[in-house]
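So the structure is just underneath, and the comments pick up after that.
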Amino acid sequence: MRILIANLGSTSFKYRLYRIDGKNESVVASGGFERVTDHALVINQALSDLVGQGHLSAISDIDAVGFKTVLGKNLSGCVDADDSVIDALEGFREVAPAHNPPYAEGIRQFAQILPEARLVALFETAFYQWVPEEASRYAVPKAWHDAGIQRYGFHGASHKYVAERSAELMGRDDVAETVRQLYINGPQENSGAPVRVVSFHLGGSSSVTGIRNGVAIGTSMGFSPQSGLPQNNRVGDLDSGAVPYAVKTLGISLEEAERQLTKESGLQGVSNVSNDLRDIRQSAADGNTDAQLALDMLVHSARKWAASFLFDLGGLDAMVFTAGIGENHPWLRAAICQGLEEFGIKIDPEKNAACIAEEAEISAADSKVKIFVIPANEELVLAREVQRKIA
Ligand code: ADP
């Protein structure tokens, strides 16, 4: 089966073509375009390149196209990307302005260009469909709740993969199978001891998710990706009283406040150096106390969220680090795990230091809680979900 994964930005289009036959998975080709002004043009170009380079004999060889959609109004899961998905994306255009419009447009165009292919949308919110209401609801007036203002959560594809792979690594194939089939069968009862995991997706944007038996019980991101941990340029959690106060006292418009909280906040805003953790670390090592504070805030916030899930889960069996920061920065993993021996969390310093961008167990032999690094590959996760959906 040939599955094309379409990554649509407001001025970019990237794609990866997978061939998946049973357990055989391979990337056949990949490519992309920047500074795009006409998405239909570059989609057609990409498809004719795939044929021209001999990866397909005709564009009709593509069985399915997968879209990692972010947030839909009144819709989530892994679903056929039809008009209901386009409506759901349009309904929350305001909340995810960088992501929803290009996906709505891209899905429309693929439907015209590849009318025979199955189009599938995997929402980033899908993994949180079963979070209990006391964790997903905000204490807002009912009218706000009815308007869709609740905690949704993001990075669902990444955290779901962590749920599956960590269960495999702990020898719990029953739980791994529950995760694989989650969007088809929903949560399943698993016999045996519960598997309780805290997953740290730490990258350009970051989130921490609590997982019991393969099902998310809560996550640090909320209504929009503008919440939870400090992100590269986004603020993360902020008291709702701060925005009206800033608008009134700084003399800025609501739109300008939103722009500053999205573009000039987070690690960039605090460090005043960069939004990239490598630069911030270097600057902190050179004595920049603002850079050091940005690092400390990231660690503190990650630990705070992990601690909340530790209580909700009633204990912990594994902690997992993934994404650009989680995979590449042993010092940060060590900082997050520091001083937690009392809770059975003990990192192995050598294994941790040696693990860069690869899958490994990095906990000490006598750590009650397993600590893993599991590299993220969100395109592959999406291709697998599409394959399961249409198999
Ligand atoms: P995104 O969330 O945009 O997909 P990433 O998951 O790559 O991006 O996360 C970006 C962050 O991860 C940056 O702060 C960067 O410092 C860090 N990072 C990514 N790759 C590496 C690497 N090879 N070495 C060190 N840090 C990295």
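For the numbers below, each heavy atom of this structure counts, side chains included, while hydrogens, waters and symmetry mates do not. First listed ligand is number 1; within each ligand, the first listed atom is number 1.
Using modelled atom types, one finds no donor on one side chain facing an acceptor on the other under 3.5 Å when comparing Q268 with E264. With no hydrogens or angles considered, a side-chain donor-acceptor pair links H201 and S158 at under 3.5 Å. There is no side-chain donor-acceptor pair under 3.5 Å between N213 and T178. Checking N272 against D290 by side-chain atom types alone, no donor-acceptor pair falls below 3.5 Å. For the 3.5 Å distance criterion, the side chains of T209 and Y128 qualify, holding a donor opposite an acceptor. For the 3.5 Å distance criterion, the side chains of N100 and R93 fail to qualify, holding no donor opposite an acceptor.
With hydrogens left out, the protein atom closest to atom 16 (O) of ligand 1 is D276 OD1, 2.5 Å, a heavy atom. Among all protein heavy atoms, the one lying closest to atom 11 (C) of ligand 1 is I325 CG1, 3.6 Å. H329 NE2, 2.8 Å is the protein heavy atom nearest to atom 26 (N) of ligand 1. Of the protein's non-hydrogen atoms, N328 ND2, 3.3 Å is the one closest to atom 21 (C) of ligand 1.
Residue contact check for ligand 1: E327 places no non-hydrogen atom closer than 4.0 Å to it.
Counting only heavy atoms, the protein never gets under 4.0 Å from atom 4 (O) of ligand 1.
Contact annotation: for A357 versus ligand 1, there are no heavy atoms closer than 4.0 Å.
Taking the ring centre of F123 as origin, the terminal cationic atom of K68 falls outside the region bounded by 6.0 Å and 45° from the ring axis.
For ligand 1, the polar-atom distance check against L277 finds a nitrogen or oxygen pair separated by under 3.5 Å. Where the criterion is an N or O separation shorter than 3.5 Å, residue side chain and backbone included, G324 meets it with respect to ligand 1. Of the polar atoms of H201, none of the N or O atoms is found under 3.5 Å from an N or O of ligand 1, judged by distance alone.
Distances from atom 9 (O) of ligand 1 to the heavy atoms of G204, S205, G326, S206 show the closest one on G204.
Atom-to-atom distance recorded for D296:CG and S301:OG is 12.5 Å, nearest 0.5 angstrom.
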